[in-house]
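Because the structure is a prediction, the values reported are computed rather than measured. For ligands, and for the atoms within them, numbers begin at 1 and follow the listed sequence.
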Amino acid sequence: MKSLPFFCRGEVIRGFGRGSKELRIPTANFPDSVVDNLPADINTGIYYGWASLGNGDVYKMVMSIGWNPYYKNTKKSMEAHVIHTFKEDFYGEILSVVLVGYIRPERSYDSLEALITAINNDIEEAKFKLELPEHLKLRDDNFFTSAPSSASALAPTTATTSQTIMNGH
Ligand code: ADP
Ligand code: MG
């Protein structure tokens, strides 16, 4: 995928409450404004990369890009599981993400255990791959240090412009 690495950021919104928190794998959902800016060659599936909240620490993450049931599977959704234990939820905060690599396509599982095993394998693969020097250096990209610390600082036009610049080189 020639669009990788792909940088984006947006406010964390409420998802469908599909119980990911009960599986102990919460996923922070991006709004349509972010999903609509995904390049066409970013297929649905599971990705690994880096993520930070506001302009805080940068953590490893896995992201699911899938078909959004709310729009009868005609639009994509983006949900990030940050590989870090947070003390509190962070709805409304700005999540900055760089998609670094692709792990696998989406698929359905016969059981909850099989799904959880698959996700835990994704997390292990993400942890391992992100240690490669060429991926580690993206953690230190100034995309993360220049992140706005609040949602009000993220005007839609500014976000679009900076995304274009960040991904244009
Ligand atoms: P929703 O359906 O609203 O997305 P989830 O069960 O997927 O609910 O939980 C996601 C929420 O959990 C996030 O929006 C965030 O506020 C919180 N959260 C806490 N820890 C994490 C984490 N490590 N990664 C992602 N989200 C987390
Ligand atoms: Mg979620």
Side-chain angles (χ1 to χ4, degrees), residues 5-38 42-109 111-131 135-136 138-139 141 143-144 147-154 156 159:
F6 182 72
F7 296 84
C8 58
R9 65 173 137 244
E11 190 175 339
V12 176
I13 60 156
R14 294 210 172 255
F16 307 98
R18 281 186 288 199
S20 39
K21 213 172 263 170
E22 285 74 53
L23 306 182
R24 303 243 228 122
I25 311 167
T27 58
N29 292 56
F30 270 143
D32 292 345
S33 55
V34 176
V35 181
D36 290 345
N37 279 315
L38 269 178
I42 302 275
N43 299 318
T44 58
I46 313 298
Y47 292 77
Y48 60 88
W50 299 102
S52 78
L53 279 178
N55 44 23
D57 292 341
V58 182
Y59 302 108
K60 293 174 177 176
M61 67 100 205
V62 286
M63 176 171 279
S64 160
I65 300 181
W67 293 108
N68 193 328
Y70 184 83
Y71 294 103
K72 300 196 165 71
N73 300 334
T74 56
K75 281 185 85 162
K76 287 173 186 168
S77 67
M78 296 169 73
E79 313 183 12
H81 173 67
V82 186
I83 307 176
H84 178 75
T85 304
F86 293 91
K87 290 202 187 78
E88 289 174 348
D89 285 352
F90 43 83
Y91 291 110
E93 291 193 38
I94 296 299
L95 182 69
S96 296
V97 153
V98 55
L99 298 179
V100 175
Y102 184 73
I103 298 179
R104 62 175 174 91
E106 285 188 288
R107 53 159 288 195
S108 56
Y109 292 90
S111 68
L112 205 53
E113 289 79 64
L115 171 65
I116 294 173
T117 303
I119 297 172
N120 284 325
N121 287 341
D122 297 336
I123 291 171
E124 290 312 309
E125 184 168 341
K127 285 182 180 169
F128 179 77
K129 292 257 175 74
L130 287 164
E131 289 299 320
H135 295 159
L136 272 177
L138 287 164
R139 180 188 59 189
D141 196 285
F143 172 73
F144 289 113
S149 54
S150 72
S152 56
L154 187 72

request  = Go through ligand 1 atom by atom and flag the ones less than 4.0 Å from a non-hydrogen atom of H84.
outcome  = 23 (N)
inquiry  = Could you measure the distance from the CE atom of M63 to the CD1 atom of I46? Nearest 0.5 Å is fine.
reply    = 10.5 Å
key: Nitrogen or oxygen atoms of I83 and ligand 1 under 3.5 Å apart   = no
Proximity of E79 to ligand 1 by residue part, where a heavy atom lies under 4.0 Å = neither
inquiry  = For I42, is there any backbone N or O sitting under 3.5 Å from a side-chain donor or acceptor partner on K76?
reply    = yes
task = Out of L23, T85, V82, T27, indicate the one that has the non-hydrogen atom closest to atom 22 (C) of ligand 1.
result = V82
ask   = Which of the numbered atoms in ligand 1 are below 4.0 angstrom from a heavy atom of F86?
value = 20 (N), 21 (C), 22 (C), 23 (N)
message = I want to check something: taking the side chain as every heavy atom from C-beta on, are R9 and P148 in contact at a cut-off of under 4.5 Å?
response = yes
request  = Using distance alone, determine whether E88 and ligand 1 share an N or O pair under 3.5 Å.
outcome  = no
ask   = Under 3.5 Å between some N or O of ligand 1 and some N or O of V12?
value = no
request  = Would you please test L38 and M78 for side chain to side chain contact (heavy atoms under 4.5 Å, CB included) and show each step?
outcome  = CA-CA 10 Å; L38 269 178; M78 296 169 73; 3.8 Å; yes
ask   = Which ligand 1 atoms, with their elements, are less than 4.0 angstrom from a heavy-atom of A80?
value = 25 (C)
query = Numbering the atoms of ligand 1 from 1, which are under 4.0 Å from a heavy atom of R14?
reply = 3 (O)
query = Hey, is Y91 touching ligand 1 through its side chain, its backbone, both or neither, going by heavy atoms under 4.0 Å?
reply = both
Carboxylate-amine/guanidinium contact E131 K60, below 4.0 Å = yes
key: Closer than 2.8 Å to the Mg ion (ligand 2) - protein N, O or S atoms, ordered by chain and residue number   = T27 O, T27 OG1, N29 OD1
task = Indicate the atoms forming the closest heavy-atom contact of F7 with L138, along with that distance.
result = CZ-CD2, 3.9 Å
key: Partners passing side chain to side chain contact (heavy atoms under 4.5 Å, CB included) against L115 (at least two apart in sequence or in another chain)   = L23, Y109, L112, I119
key: Partner of L95 under side-chain contact (heavy atoms from CB on, under 4.5 Å), chosen from I13, V12, V34, N29   = V12
key: ring-ring contact (aromatic ring centres under 6.0 Å, His included) partner of Y59, chosen from Y48, W50, F86, F144   = F86
task = With the side chain counted from C-beta on, respond yes when I25 and V62 share a heavy-atom pair under 4.5 Å apart, and no when they do not.
result = no
message = When you measure from the side chain of R104 to the backbone of D122, do you find a donor-acceptor pair of N or O atoms at a distance under 3.5 Å?
response = no
ask   = For ligand 1, which atoms sit closer than 4.0 Å to a heavy atom of F16?
value = 2 (O)
